[in-house]
There are 2 protein chains.
Amino acid sequence: MRYQQEEQFRFHILAMQRVGNRELTIHLKNLDLTPSQAEVLTVLNERSMLTLKEIGQHLICETGSPSRLVNTLVKNGLVEGKTDEQDQRARRYCLSDHGKQKWATVKQIEEQLYEHVQSIYTEEELNVMNQLLKKYIEQTEFQSVFRKRSLHVGDSVSEEL
Amino acid sequence: MRYQQEEQFRFHILAMQRVGNRELTIHLKNLDLTPSQAEVLTVLNERSMLTLKEIGQHLICETGSPSRLVNTLVKNGLVEGKTDEQDQRARRYCLSDHGKQKWATVKQIEEQLYEHVQSIYTEEELNVMNQLLKKYIEQTEFQSVFRKRSLHVGDSVSEEL
DNA sequence: TATAATTAAATGACGTGTCATTTAAAAAGG
DNA sequence: CCTTTTTAAATGACACGTCATTTAATTATA
């Protein structure tokens with residue numbers, strides 16, 4: 001059958017995303033957080049005082065302006081927003097004390113997930129996949145997210161393969 | 001930073017899924033279909049007369065019984081359902097003529113996606129990734145989907161790496 | 001056989017993702 | 001300075017994806 005490897009790759013990616021998301025969802029439920037909300041906390045923990053648009057530019061979970069996502073976090077007291085003084089249209093957001101506290105737990109849950117990944121793959125195997133996946137991502141709009149989030153720093157170009 | 005490879009892998013998977021889904025969404029929009037709906041058509045093209053539960057067991061896009069997904073396709077005339085004679089609770093679904101026709105176009109769109117993948121990866125690279133991704137999937141509930149869909153048949157075990 | 005337990009599907013609820021439209025503020029251009 | 005264009009954010013709409021609950025039919029069991 002033609003495209004067998006390509007089809008398998010397509011559904012591997014879909015399945016991996018689903019299974020990872022479910023694993024995160026389960027563990028985050030104790031915190032009353034969704035994976036998307038957790039990603040916002042992570043972004044705001046790394047860089048504070050971002051506008052909605054800037055937050056969107058740091059997220060992989062959503063394009064455009066993640067109004068509802070962030071507003072839910074504001075409503076739940078995890079994020080605080082202040083109107084920008086230079087630009088009355090924009091609001092700048094940061095973690096509240098409660099948000100910072102929750103993020104610490106989110107970090108532990110993420111590390112659980114990473115431990116799970118580590119239990120299946122060697123670092124070398126992860127490196128191989130990351131090198132290859134990066135090749136695809138670099139041709140997409142997400143390339144800038146990885147750059148902004150510093151998710152691609154420190155990569156060593158593989159000599160083998 | 002600890003877990004750097006693992007974190008990168010996590011977001012690579014998320015970004016790959018998003019970008020692939022968007023690419024499919026754009027091309028399927030001309031057909032008035034979503035990627036999930038297209039997956040149902042593909043499943044029903046491969047195996048007909050499945051119940052809702054069985055369809056769900058062949059889908060990666062959704063767990064549980066995909067009532068609404070399939071009912072939308074019935075409403076749009078792409079899928080037909082008849083009550084099972086042995087079990088009055090269950091309904092068995094198959095593609096309508098219109099559905100078969102649409103699937104032919106869906107197949108072309110999928111092949112476009114696979115051509116795109118091919119333009120970025122060699123078959124050897126795809127094979128490497130598939131071998132590794134399969135290791136993860138095999139430990140999840142999706143393992144049975146890949147088996148049922150025959151998405152893992154014909155894999156040659158890699159000797160290298 | 002009558003009742004209880006199981007099962008298939010439908011449905012309600014909620015939070016995304018995505019796109020299109022609207023609103024209001026800022027910038028650009030005359 | 002006023003009008004037009006651009007821009008940030010909010011909002012409406014729609015289809016998921018997920019979970020919990022309900023409904024109805026089937027099976028198990030006392």
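In what follows, chains carry the letters A, B, and so on, assigned in the order in which the sequence lines appear, proteins first and then strands, with residues in each chain numbered from 1. On a predicted model such as this, the values are computed, not experimentally measured, just so you know.
Between Asn71(A) atom CG and dA8(D) atom P there is a gap of 17 Å when expressed in whole angstrom units. Atoms CG (Leu73(B)) and C1' (dA15(D)) sit 12 Å apart, rounded to a whole Å. For the pair His27(A) NE2 and dT18(D) P, the computed distance is 16 Å after rounding to whole Å. Atom P of nucleotide dG17(D) and atom CD1 of Ile26(A) are separated by 17 Å, given to the nearest angstrom. Protein atom CG of Asn76(A) is 14 Å distant from nucleotide atom P of dC14(C), rounded to whole Å. Here the P atom of nucleotide dA25(C) and the CG atom of Leu52(A) are 16 Å apart, to the nearest Å. In this entry the distance linking CD of Glu54(A) with P of dA8(D) reads 9 Å, nearest Å. Ile55(A) places its CD1 atom 15 Å from the C1' atom of dA10(D), with the value rounded to the nearest Å.
Interatomic distance, CG of Leu151(B) versus NZ of Lys134(B), reported as 11.0 Å (0.5 Å rounding). Considering CD1 of Ile60(A) and CZ of Phe142(A), their distance stands at 7.0 Å, rounded to 0.5 Å.
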Show me, pair by pair, the donor-acceptor contacts under 3.5 angstrom made by side chains of residues 69-78 of chain A, not counting sequence neighbours?
residue, atom, partner, partner atom, Å
Asn71(A), ND2, Ser67(A), O, 3.2
Thr72(A), OG1, Arg68(A), O, 2.8

Side-chain donor-acceptor distances from residues 13-23 of chain A under 3.5 Å, at least two apart:
residue, atom, partner, partner atom, Å
Arg18(A), NE, Cys61(B), O, 3.3
Arg18(A), NH2, Cys61(B), O, 3.3
Arg22(A), NH1, Glu141(B), OE1, 2.9
Glu23(A), OE1, His116(A), ND1, 3.1
Glu23(A), OE2, His116(A), ND1, 2.9

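Between Arg149(A) and Glu7(B) no salt bridge is recorded (no basic side-chain N to carboxylate O distance below 4.0 Å).
DNA chain C is contacted by Thr34(A), Ser36(A) of residues 28-36 of chain A, taking any non-hydrogen atom closer than 4.0 Å. Against DNA chain C, the stretch residues 81-93 of chain A makes heavy-atom approaches under 4.0 Å through Gln86(A), Asp87(A), Gln88(A), Arg89(A). If you check residues 16-23 of chain B against DNA chain C, the residues with a heavy atom closer than 4.0 Å are Arg18(B), Arg22(B), listed by number.
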Could you please spell out the steps behind the side-chain hydrogen bond (donor to acceptor under 3.5 Å, both in side chains) verdict for Tyr114(A) and Arg10(B)?
CA-CA 8 Å; Tyr114(A) 300 149; Arg10(B) 169 190 171 196; 2.9 Å; yes
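Across Asp155(B), Asn130(B), Val117(B), a single residue satisfies side-chain contact (heavy atoms from CB on, under 4.5 Å) together with Gln5(A), and that is Asn130(B).
Below the 3.5 angstrom threshold, one finds a donor paired with an acceptor across the side chain of Arg68(A) and the base of dG12(D).
Of the possible polar contacts, one joining the Gln4(B) side chain to the Val153(A) backbone as a donor-acceptor pair under 3.5 Å is found.
Checked against dA9(C), dT11(C), dG12(D), the side chain of Thr51(B) finds its nearest nucleotide in dA9(C).
The heavy-atom pair separating Gln37(A) from Asp32(A) by the smallest distance is OE1-O, 3.9 Å.
Every ring pair (Phe, Tyr, Trp, His ring centres under 6.0 Å) that Phe146(A) has, sequence neighbours left out, goes to His152(A), His12(B).
The nearest heavy atom of DNA chain D to Thr72(B) and to Thr25(A) marks one nucleotide each, and the one closer to the 5' end goes with Thr72(B).
Side-chain contact between Tyr121(A) and Tyr136(B) is present, with heavy atoms from C-beta onward closer than 4.5 Å.
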